[in-house]
Structure formats: structure tokens, C-alpha cells
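Residues: numbered from 1 along the sequence shown.
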Amino acid sequence: MMTLLLIALAGCAAQLVDGGLGMGFGATSTTILILAAGLGPAQASAVVHAAQLGTTLVSGCSHWRFGNVDWRVVACLGIPGAVGAFAGANALVFLSAAAARPVMAAILALIGANLVYRFSRGRVRRKLDPRPHGAGFLSGLGLVGGFIDATGGGGWGPVTTSTLLSMARTSPRRIVGTVNTAEFIVTSAAVAGFVSGLWAELAEHAAAAFALLIGGAVAVPAAAWIVTKMNPVALGGAVGTLLVVLNLPTVLAAAGGPPVATGAVTGLVAAAGVVLSARGYFRARVQSAGKSEARPSVSAPPFSARSESKRVRSR
């Protein structure tokens with residue numbers, strides 16, 4: 001019972017992160033499931049993807065209804081992403097727990113580093129480039145994103161959304177809606193991969209997947225509030241730093257690093273993450289203030305002789 005409660009709390013925390021950033025549910029919940037609930041890497045990724053089947057379906061339908069989906073990009077991203085996710089799930093299933101743990105920790109740490117890097121720039125927005133993305137580029141991005149998502153228990157959003165946002169070829173709402181819709185295809189393929197090699201354990205952890213889903217659903221109203229109140233740059237940097245700090249010791253220990261050196265390196269990385277996150281936060285504030293000052297003030301309409309003549313005749 002306590003384990004299921006911890007998993008529900010993991011879903012709640014992951015949904016709060018995802019609500020503030022538009023990404024991070026898988027990476028955050030997988031890290032918590034491994035460290036707090038004691039699940040193995042393959043089991044944690046399987047539970048997360050099973051829970052995401054429902055959330056990604058609802059999210060994709062919502063974005064479709066609001067016109068936020070580019071179906072060409074969904075196909076170019078989602079189909080190769082499904083191939084990568086199925087391959088990644090099978091690769092993770094056939095790795096031993098001892099070998100899979102540092103691999104997943106390394107992927108999660110890299111996802112965290114990517115978040116820190118992205119948000120340290122303060123989300124600089126550039127003028128949109130009207131050229132569409134090439135099918136080859138989107139297919140390669142989807143393939144890599146799907147593989148990382150399955151083997152890391154998350155990462156589809158940090159890999160694909162961050163890349164497409166940085167290229168500034170379409171509006172952010174269109175990117176988020178398209179990526180979230182494609183994620184249902186990727187998640188379905190990942191679950192199929194886990195079912196093919198991990199059916200007994202996935203059935204055993206069905207309650208865990210349900211608890212994760214319930215915890216995430218409970219946090220949806222709070223996540224919606226976070227979007228309007230919390231600074232996403234500060235949240236993104238903090239979450240990225242936390243992912244690196246929590247997973248880096250596992251990677252260093254697997255590499256044979258002594259505990260003292262592991263602790264020192266982790267501390268330095270944590271300090272660097274805090275500095276970069278603060279840099280992104282203050283940079284975003286400066287840019288927001290500059291945009292506010294550059295925005296022209298609304299003035300009274302110019303004097304019109306015609307309107308004045310109407311006013312005189314009405315007396």
C-alpha cells in the first residue's frame with residue numbers, strides 16, 4: 001500500500017512538472033519510481049508508458065479539437081518514433097537490471113542536462129522561419145526520440161519539443177500539440193514492446209500504472225494553475241538540475257568512481273545547474289521587461305474634422 005501511495009505521489013509530482021513545462025512527465029516519474037518505489041528500470045518504464053496511454057490519447061484529442069495539430073509532422077515524427085520506441089523497449093527488457101540501471105540513469109541525466117541548457121538561455125524567441133521541416137529530419141528526430149523515451153522511461157518531449165522549438169519554424173502551441181499527438185503512437189509502440197517481453201511483470205504492476213495515472217489526474221487542476229503562476233524558465237532549470245543530481249551518482253558509481261569523488265562531482269554539477277538556471281531566469285525577466293517597454297502605448301484616436309462636425313450638429 002505504501003508503495004502504491006509513493007507511485008501516486010510520483011504521478012502527482014510528474015504532472016505538476018509537465019503542467020508547468022509541457023514536458024517531463026516520463027523522466028520525472030521514472031526517476032521517482034526507481035529511487036523511491038524501488039522499481040527496476042524496465043518495470044518503471046513499462047509502468048510509466050502504460051499510464052501515459054490514457055494521458056497522451058486525451059491530450060492528442062484535445063489539441064486536435066483546438067487546431068494545434070499538423071498531421072504531416074505527426075506522421076513523420078510518430079511512425080519512426082514508434083519504431084524507435086519498440087526497439088528501445090525490447091532492448092531495455094533484455095538488459096539485466098544491473099546493466100540497465102546505469103544506462104537509464106545516464107539517459108535521464110542527459111535529459112536533465114538538456115533541460116538545464118535549454119532554459120539557461122531564457123527561452124529566446126526568434127522570428128519564425130516559414131520553411132517546413134524536411135521529412136528526413138523529422139523521421140530521424142522521431143526515431144531518436146522514441147528510442148530514448150522507451151529506454152529512459154521518458155524523454156520524448158525534451159528531445160523532440162525542445163529541438164523543434166529551438167528551430168522556430170512554427171508556433172509553440174502548434175509544436176506542443178503536434179508532439180503530444182505523436183506521443184500517443186510512440187507510447188503505444190513502447191507498451192507493445194514491453195508487453196512482448198515483460199507481460200508477466202507488467203500485469204503484476206498494473207496497479208502501479210493505475211496509481212501513477214490517478215496521481216497525475218489529481219494534479220491536473222494544480223498543473224493548470226502552475227502554468228499561469230509559476231515561471232516556466234525557473235521550473236525547467238530546477239527540474240533539469242534535479243534529474244542530473246539524482247541520476248549522476250548511479251552513472252559515476254557504475255564507472256567505478258570512488259564515493260568521495262562522486263559526491264564532489266555531483267555537488268559541482270548541482271552548483272552549476274543552480275547558476276545556469278538562475279541565469280536563464282534573470283535573462284528571461286530582462287527580455288520580458290524589454291518587450292514591455294518596447295510595446296507602444298495605446299493613445300487616443302486622432303482628431304477628426306468629420307467627428308467634430310457630427311458633435312457640433314448633435315448640440
Side-chain angles (χ1 to χ4, degrees), residues 10-11 14 18 23-34 37 39-57 59-60 74 76-112 114-115 138-163 179-203 205-206 208-209 212-213 216 243 247 250-251:
D18 195 76
M23 66 180 76
F25 182 89
T28 304
S29 56
T30 299
T31 299
I32 299 175
L33 287 177
I34 292 174
L39 270 67
Q43 291 80 8
S45 185
V47 165
V48 168
H49 283 90
Q52 283 185 302
L53 275 176
T55 59
T56 55
L57 177 61
S59 176
V74 167
C76 291
L77 274 178
I79 295 173
V83 174
F86 187 82
N90 280 281
L92 190 62
V93 165
F94 291 108
L95 278 176
S96 66
R101 192 175 294 275
V103 170
M104 179 174 279
I107 293 173
L108 291 169
L110 289 173
I111 291 171
N114 175 57
L115 288 175
L138 292 173
S139 298
L141 180 63
L143 186 67
V144 173
F147 186 84
I148 291 176
D149 186 73
T151 54
W156 175 254
V159 171
T160 55
T161 304
S162 297
T163 302
V179 169
N180 282 359
T181 303
E183 189 175 10
F184 173 73
I185 304 173
V186 175
T187 301
S188 301
V191 171
F194 285 119
V195 167
S196 65
L198 204 68
W199 168 248
E201 295 191 36
L202 187 58
H205 291 95
L212 188 68
L213 180 60
L243 286 176
N247 290 284
T250 302
V251 177

At their closest point, which heavy atom of [X] faces which heavy atom of [Y], and how far apart are they?
X: L33; Y: A10; result: CD2-CB, 4.4 Å
X: A100; Y: L95; result: CB-CB, 4.0 Å
X: L198; Y: A46; result: CD2-CB, 4.2 Å
X: L108; Y: L243; result: O-CB, 4.0 Å
X: T30; Y: G152; result: CG2-O, 3.8 Å

When you compare the side chain of [Y] with that of [X], does any pair of heavy atoms fall below 4.5 Å?
X: S45; Y: T151; result: no
X: V74; Y: I185; result: yes
X: M23; Y: L115; result: yes
X: T181; Y: T56; result: no
X: V103; Y: P41; result: no
X: F147; Y: V83; result: no

Is the backbone N or O of [Y] less than 3.5 Å from a side-chain atom of [X], with the two atoms forming a donor-acceptor pair by type?
X: S29; Y: G26; value: yes
X: W156; Y: V179; value: yes
X: T28; Y: A14; value: no
X: S162; Y: V159; value: no
X: D149; Y: V186; value: no

Item to check | CA sep, side-chain torsions, deciding dist, call: F184, L53, side chain to side chain contact (heavy atoms under 4.5 Å, CB included) | outcome: CA-CA 6 Å; F184 173 73; L53 275 176; 4.2 Å; yes
Checklist entry - Under the side chain to side chain contact (heavy atoms under 4.5 Å, CB included) criterion, do R101 and I34 qualify, and how do the steps go? => result CA-CA 9 Å; R101 192 175 294 275; I34 292 174; 3.0 Å; yes
Checklist entry - About how many Å separate CD of E183 and CG of L77, when rounded to the nearest 0.5 Å? => result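 Taking CG in L77 and CD in E183, the distance rounds to 11.0 Å.
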Next on the checklist: What verdict does the side chain to side chain contact (heavy atoms under 4.5 Å, CB included) test give for T250 and M104, after you've listed the backbone C-alpha separation in whole Å, the side-chain angles of each residue and the deciding distance to 0.1 Å?
Outcome noted: CA-CA 10 Å; T250 302; M104 179 174 279; over 6 Å; no
Next on the checklist: Run F25 and L212 through side chain to side chain contact (heavy atoms under 4.5 Å, CB included) and show every step you take.
Outcome noted: CA-CA 11 Å; F25 182 89; L212 188 68; 4.3 Å; yes
